[in-house]
Amino acid sequence: MSLSETYPKLFEKIEDKEFVEGIFDLINVDENYNDEDMEEDDVFDPSEYNYLLYITERLQNAIGEENFMLLKKRIESSEFIEEFIDSEEDLYGIRSNLQADEIAKNILDIIENELL
């Protein structure tokens with residue numbers, strides 16, 4: 001099933017749909033790990049937050065500023081999130097037992113079913 005079929009309300013609001021090929025074009029969920037070659041300290045301690053979550057500007061624009069603020073609170077209180085911290089408006093550290101794609105899908109489900 002395509003993203004446009006799974007998330008029709010969200011897809012209706014995305015301006016540049018032709019550039020959305022997959023879920024990670026909307027939300028980036030990357031493993032947070034200790035990189036000993038990095039000269040700077042990690043933003044989020046990998047022992048506390050196993051993923052970095054970035055909400056793309058495309059998704060932010062689609063859901064609007066008010067819903068974006070609600071989304072942050074809703075992510076933080078979600079049962080699939082064990083720990084949550086934000087350092088920037090659109091970048092978060094999270095701890096979850098789910099895989100990256102499952103986290104992204106859960107967040108898009110929240111947007112589709114609760115915020116739009």
Side-chain angles (χ1 to χ4, degrees):
M1 188 176 287
S2 72
L3 286 176
S4 62
E5 293 171 336
T6 306
Y7 306 105
K9 291 188 279 186
L10 175 59
F11 245 75
E12 182 178 303
K13 296 181 181 267
I14 294 175
E15 291 181 18
D16 49 356
K17 296 171 183 56
E18 64 273 10
F19 297 110
V20 179
E21 296 178 10
I23 200 165
F24 294 114
D25 291 323
L26 300 173
I27 298 177
N28 293 323
V29 183
D30 295 319
E31 187 175 346
N32 187 22
Y33 60 92
N34 259 339
D35 188 350
E36 295 176 10
D37 295 332
M38 298 267 304
E39 292 180 13
E40 59 189 51
D41 291 333
D42 290 326
V43 175
F44 306 112
D45 182 349
S47 67
E48 294 181 35
Y49 306 99
N50 60 337
Y51 288 104
L52 302 175
L53 170 64
Y54 171 71
I55 307 295
T56 66
E57 188 174 336
R58 175 182 292 130
L59 182 57
Q60 291 177 50
N61 292 337
I63 67 175
E65 187 174 335
E66 185 176 320
N67 281 336
F68 182 63
M69 293 301 133
L70 292 172
L71 177 61
K72 177 180 154 183
K73 291 177 184 175
R74 185 60 183 85
I75 292 170
E76 186 173 10
S77 66
S78 294
E79 62 185 37
F80 64 92
I81 301 295
E82 297 170 20
E83 296 290 333
F84 177 92
I85 188 170
D86 62 336
S87 73
E88 297 176 23
E89 183 176 295
D90 54 2
L91 178 66
Y92 314 115
I94 60 173
R95 170 161 295 291
S96 179
N97 288 327
L98 299 180
Q99 299 298 313
D101 61 331
E102 295 171 313
I103 294 168
K105 288 176 187 174
N106 275 298
I107 293 170
L108 290 182
D109 286 343
I110 290 169
I111 293 168
E112 181 75 15
N113 299 318
E114 298 177 28
L115 300 179
L116 298 179

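In this chain, residues are counted from 1 in sequence order. Below, each value reflects all heavy atoms present in this structure, side chains not excepted, and no hydrogens, waters or symmetry copies.
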Practice prompt. Give the C-alpha distance, both sets of side-chain angles, the deciding distance and a yes or no for side chain to side chain contact (heavy atoms under 4.5 Å, CB included) between F84 and K72.
Written response: CA-CA 10 Å; F84 177 92; K72 177 180 154 183; 3.9 Å; yes
A side-chain contact here means heavy atoms from C-beta on lying under 4.5 Å apart; do [X] and [Y] qualify?
X: L26; Y: R58; result: yes
X: I107; Y: F80; result: yes
X: E89; Y: M69; result: yes
X: D25; Y: F19; result: no
X: L10; Y: L3; result: no
X: I110; Y: N106; result: no
X: L59; Y: I111; result: yes

Worksheet item: What residue pairs, at least two apart or across chains, pass ring pair (Phe, Tyr, Trp, His ring centres under 6.0 Å) with a residue in residues 50-76?
Response: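 Those involving residues 50-76 do not exist here.
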Could you give the distance from [atom1] ([X]) to [atom2] ([Y]), rounded to the nearest 0.5 Å?
X: E82; Y: L98; atom1: CD; atom2: CG; result: 8.5 Å
X: E57; Y: Q60; atom1: CD; atom2: CD; result: 6.5 Å
X: D86; Y: E88; atom1: CG; atom2: CD; result: 9.5 Å
X: I55; Y: I75; atom1: CD1; atom2: CD1; result: 4.5 Å
X: I23; Y: D101; atom1: CD1; atom2: CG; result: 7.5 Å
X: N67; Y: R74; atom1: CG; atom2: CZ; result: 13.0 Å

Fill in: Neighbour count >12 (heavy atoms, 6.0 Å) for atom CD, E18
yes
Practice prompt. For E114, look at atom CD and say whether over 12 heavy atoms of other residues, nucleotides or ligands are found less than 6.0 Å away.
Written response: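 Yes, the 6.0 Å shell around CD holds more than 12 heavy atoms from other groups.
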So if you build clusters from Ile, Leu, Val, Met, Phe, Trp, Tyr with side-chain heavy-atom gaps below 4.5 Å, do [X] and [Y] land together?
X: I94; Y: I85; value: no
X: L71; Y: F24; value: yes
X: I103; Y: L91; value: no

Practice prompt. With side chain to side chain contact (heavy atoms under 4.5 Å, CB included) as the test, would you mind laying out the steps for Y7 and K105 before giving the verdict?
Written response: CA-CA 10 Å; Y7 306 105; K105 288 176 187 174; 4.0 Å; yes
Fill in: Expected output: side-chain K9 to main-chain E112 donor-acceptor under 3.5 Å
yes
Worksheet item: Do N50 side-chain atoms and E31 backbone N/O form a donor-acceptor pair below 3.5 Å?
Response: no
Worksheet item: What residue among V29, L53, L52, I81 forms side-chain contact (heavy atoms from CB on, under 4.5 Å) with Y92?
Response: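 Single pass found, and it is L53.
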Worksheet item: Looking at I14 and A62, what are the two nearest heavy atoms and their distance?
Response: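 What the structure gives for the nearest pair is CG1-CB, 3.8 Å.
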